[in-house]
Amino acid sequence: MLKEYKTIKEIVGPLMLVEGVSGVKYDELVEITLDDGSLRRGKVLEVNADKALVQLFEGSHGIRMSTAKARFLGKPLELGCSADMLGRVFDGMGRAKDGGAEIIPDKKYNVNGQPMNPVARDYPNEFIQTGVSAIDGLNTLVRGQKLPVFSMSGLPHADLAAQIARQAKVLDSDSEFAVVFAAIGITFEEADFFISDFKKTGAVDRTVTFVNLANDPAIERIATPRMALTAAEYLAFECGMHVLVIMTDITNYCEALREVSAARKEVPGRRGYPGYLYTDLASIYERAGRIRGKKGSITQIPILTMPEDDKTHPIPDLTGYITEGQIILSRELHKKGVEPPIDVLPSLSRLKDKGIGDKKTRKDHADTMNQLFSAYARGKEAKELEAILGEAALTAMDLKYAEFAAEFEKRYVSQGFHKNRSITETLDLGWELMRLLPRSELKRIRDAYLDEYYPSGAENK
């Protein structure tokens, strides 16, 4: 029989101090019974002698210290997992919120996960096709990778997230593909957009959705990504599925972390965020990967809006250190009407070389990728020069590169949010654009590929 404590001594914001406790452990789950018999849940943040500091998930409003009772459950926060989770919508604490029946779990898992043995990790090396040319062709996503999207306030990262969730698949694989979508602190309109989009396109059947709304308790936000990753680990390593985890918005998660840190009166770090922000984010991002001998995998696309469009802000800065690259959305391209507005030059996928080439995408992929980067960079320089000095100051070759950059943005990057391009279509489109340049300028592509894909006489068109 679990002991109940009536020794609640202090409540500050989402925190509660319970005295006279014994045998209580860090991260243990707590139930608080109110006067009317209703329950609130929380977890132990700190234990000092006979005092336990409890973090409440649903907030402290309406709790009377004199009559409320705390009961320590002797176990951490858990999520009951089953293959029946696919197609379902849950709240940030893992409770069904789509009106369907409660999940009958195969097994319950600690939401903090088990650390993945570094020796057991398998290297990410299989291409995932998102159907988005700017990602597939130039910043390739690889199975088991964590590749964040750095966005800015007002940019259509929600549309890009929905597009990737809809279209992503592992080529030439007999394993099932699933998406775990975690919405963290977003508005009701955004949540409704995602759920409606998944239902309309049929993607809902392979998607597990966790939704924490902006008006839900901020404390719940800290649990939401861990709930999603626990479901992903079950589907990947118990059911053998390839799982893509999309989390939006990580900035809201970090704000909730800062709120709890301030309530605990911790010494703040950069911009008021707790000093352990790096460690905390790593505990989420490092749950991506592949395990030797296991069929499934977890690939992560965390999405975060950069406060004040600042790449050096602690959230994108620390995320960049932990993850393998970043996809950056551009306000300038968005103003031009480019959809999705992916700025390919500062974007980076550190594992792209591992997932492309013969028998993965196509043998010419690496060469065409390097050539497109180079030509687009030179074309942007030519356009900047034209804006300052006028068209008359450009050479004939500069004008060709400027034309290439404009066409590249218009046709390659800007494909809309409902166009699903195969990797072959993306590579063929790259060759089509490179035919705007003379063959002699394509110095990053070996001659054998030029002979095969760049037909004689193309440069004279």
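We're numbering straight along the sequence, starting at 1. In this text the structure is predicted, and so the values were computed from the model without any measurement.
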Rounding to 0.5 Å, atoms CE (M16) and CG (L56) come to a distance of 4.5 Å
Is the shortest heavy-atom distance from the side chain of F72 to the side chain of V54 under 4.5 Å? yes
Hey, is the main chain of V119 close enough, under 3.5 Å, to the side chain of R292 for a donor-acceptor pair? yes
Looking at K97, I want to see if its NZ is surrounded by more than 12 non-hydrogen atoms of other residues, nucleotides or ligands under 6.0 Å. yes
With sequence neighbours excluded, residues passing side chain to side chain donor-acceptor pair (under 3.5 Å) with S60: none
All pairs passing salt bridge (charged side-chain N to carboxylate O under 4.0 Å, His left out) where residues 145-159 contributes a residue, at least two apart: K146-E286, K146-E324
When you measure from the side chain of E126 to the backbone of G355, do you find a donor-acceptor pair of N or O atoms at a distance under 3.5 Å? no
Within the supplied structure, the quantity of interest is the number of heavy atoms (other residues, nucleotides, ligands) at a distance under 6.0 Å from I104 CD1; does it exceed 12? no
For N110 and E78, test the side chains for any donor-to-acceptor distance below 3.5 angstrom and give the result as yes or no. no
Taken in chain and number order and not counting sequence neighbours, the residues that satisfy side chain to side chain donor-acceptor pair (under 3.5 Å) with D197 are R166
Partners meeting side chain to side chain donor-acceptor pair (under 3.5 Å) with D122 (sequence neighbours left out): none
Using a 3.5 Å distance criterion without hydrogens, assess whether the side chain of N48 forms a donor-acceptor pair with backbone atoms of K51. no
Backbone N or O of I222 within a donor-acceptor pair of the R226 side chain at under 3.5 Å? yes
Decide yes or no on side-chain contact (heavy atoms from CB on, under 4.5 Å) for I342 and L329, but give the supporting numbers first. CA-CA 5 Å; I342 296 174; L329 302 190; 3.7 Å; yes
For the aromatic rings, using the six-membered ring if either is Trp, is the centroid distance between F194 and F181 under 6.0 Å? yes
Any chance you could measure Q163, atom CD, to T201, atom OG1, to the nearest 0.5 Å? 11.0 Å
So Y376 and F408, would you call those rings parallel, tilted or perpendicular, with 30° and 60° as cut-offs? tilted
When rounded to the nearest 0.5 angstrom, what is the spacing between CG in L277 and CG in L257? 6.5 Å
Between M247 and I184, which heavy-atom pair has the shortest distance, and what is it? CB-CD1, 4.2 Å
For L345 against A377, the heavy-atom pair lying closest together: CD1-CA, 4.0 Å
Gap separating the CD1 atom of I8 from the CG atom of L17, nearest 0.5 angstrom: 10.0 Å
Let's go through Y123 and K354 carefully: what are the C-alpha distance in whole Å and the side-chain angles of both, what is the deciding distance for side-chain contact (heavy atoms from CB on, under 4.5 Å) to 0.1 Å, and is it a yes or a no? CA-CA 9 Å; Y123 203 86; K354 310 298 177 190; 3.6 Å; yes
V260 and L45, any side-chain heavy atoms less than 4.5 Å apart: yes
For residues T130 and D136, is any side-chain donor paired with an opposing acceptor at under 3.5 Å? yes
Looking at Y276, I'd like to know if its OH atom is crowded, meaning that more than 12 non-hydrogen atoms belonging to other residues, nucleotides or ligands lie closer than 6.0 Å. yes
Could you pull out the closest heavy-atom pair between P340 and V132, with the gap in Å? CG-CG1, 4.0 Å
Can you confirm whether the side chains of S349 and Q145 place a donor and an acceptor under 3.5 Å from each other? yes
Output yes when a side-chain donor or acceptor of H334 lies under 3.5 Å from a complementary backbone atom of E332, and no otherwise. no
Using the test side chain to side chain donor-acceptor pair (under 3.5 Å), find all partners of D205 that sit at least two apart in sequence or belong to another chain. none
Any side-chain heavy-atom pair from L79 and M85 closer than 4.5 angstrom? yes
For I128, run the side chain to side chain contact (heavy atoms under 4.5 Å, CB included) check against V170, I301, I164 and tell me which one passes. V170
Using a 3.5 Å distance criterion without hydrogens, assess whether the side chain of D310 forms a donor-acceptor pair with backbone atoms of M306. no
List the steps and the verdict of side chain to side chain donor-acceptor pair (under 3.5 Å) for R88 and T207. CA-CA 7 Å; R88 298 294 302 276; T207 305; over 6 Å; no
Looking at D216 and R221, what are the two nearest heavy atoms and their distance? O-NH2, 3.0 Å
Is the shortest distance from a Lys or Arg side-chain nitrogen in R362 or D428 to a carboxylate oxygen in the other one below 4.0 Å? yes
Minimal non-hydrogen separation, D98 against G87, with atom names: OD2-O, 4.4 Å
Cut-off 3.5 Å, side chains only: do D249 and T305 have a donor facing an acceptor? yes
Any luck finding a side-chain donor-acceptor pair between T319 and Y285 under 3.5 Å? yes
Could you check whether Y273 and E255, counting side-chain N and O atoms only, form a donor-acceptor pair closer than 3.5 Å? yes
Is it the case that Y412 and R421 place a side-chain donor and acceptor less than 3.5 Å from each other? no
Given the rule in the side-chain contact (heavy atoms from CB on, under 4.5 Å) test, do Q326 and L147 qualify, once you have shown the distances and angles that lead to the verdict? CA-CA 6 Å; Q326 65 278 328; L147 185 63; 5.6 Å; no
Check step by step if side chain to side chain donor-acceptor pair (under 3.5 Å) holds for S414 and E339. CA-CA 5 Å; S414 185; E339 292 182 343; over 6 Å; no
Any donor-acceptor pair under 3.5 Å linking the side chain of Q371 with the backbone of G430? no
Would you check if the side chain of S82 reaches a backbone N or O of P105 as a donor-acceptor pair within less than 3.5 Å? no
Would you say T368's side chain and H365's backbone share a donor-acceptor pair under 3.5 angstrom? yes
With side chain to side chain donor-acceptor pair (under 3.5 Å) as the criterion, how do S297 and R143 come out once you've worked through the C-alpha distance, each side chain's angles and the decisive distance to 0.1 Å? CA-CA 7 Å; S297 63; R143 187 162 77 89; 2.9 Å; yes
If you count heavy atoms of other groups shown closer than 6.0 angstrom to CZ of F177, is the number above 12? yes
Could you go through M369 and I356, starting from their C-alpha distance and side-chain angles, then the distance that decides it, and tell me whether this counts as side-chain contact (heavy atoms from CB on, under 4.5 Å)? CA-CA 10 Å; M369 174 179 70; I356 62 175; 3.8 Å; yes
Strictly by salt bridge (charged side-chain N to carboxylate O under 4.0 Å, His left out), give each pair with a member in residues 28-47 just once, sequence neighbours left out. D27-K43, E31-R71, D35-R64, E46-R264
Find out whether V243 and T299 are in side-chain contact, i.e. whether some heavy atom of one side chain is under 4.5 Å from a heavy atom of the other. no
Do R287 and T230 have a side chain donor and acceptor closer than 3.5 Å? yes
Give, for atom OH of Y109 and atom CG of D106, the distance between the pair rounded to the nearest 0.5 Å. 7.5 Å
Using modelled atom types only, decide if a donor and an acceptor are shared between the side chain of E425 and the backbone of S422 within a distance under 3.5 Å. yes
To the closest 0.5 Å, what do you measure between CD (E409) and CG (L333)? 5.0 Å
E102 and A96 have their tightest heavy-atom pair at OE2-CB, 4.1 Å
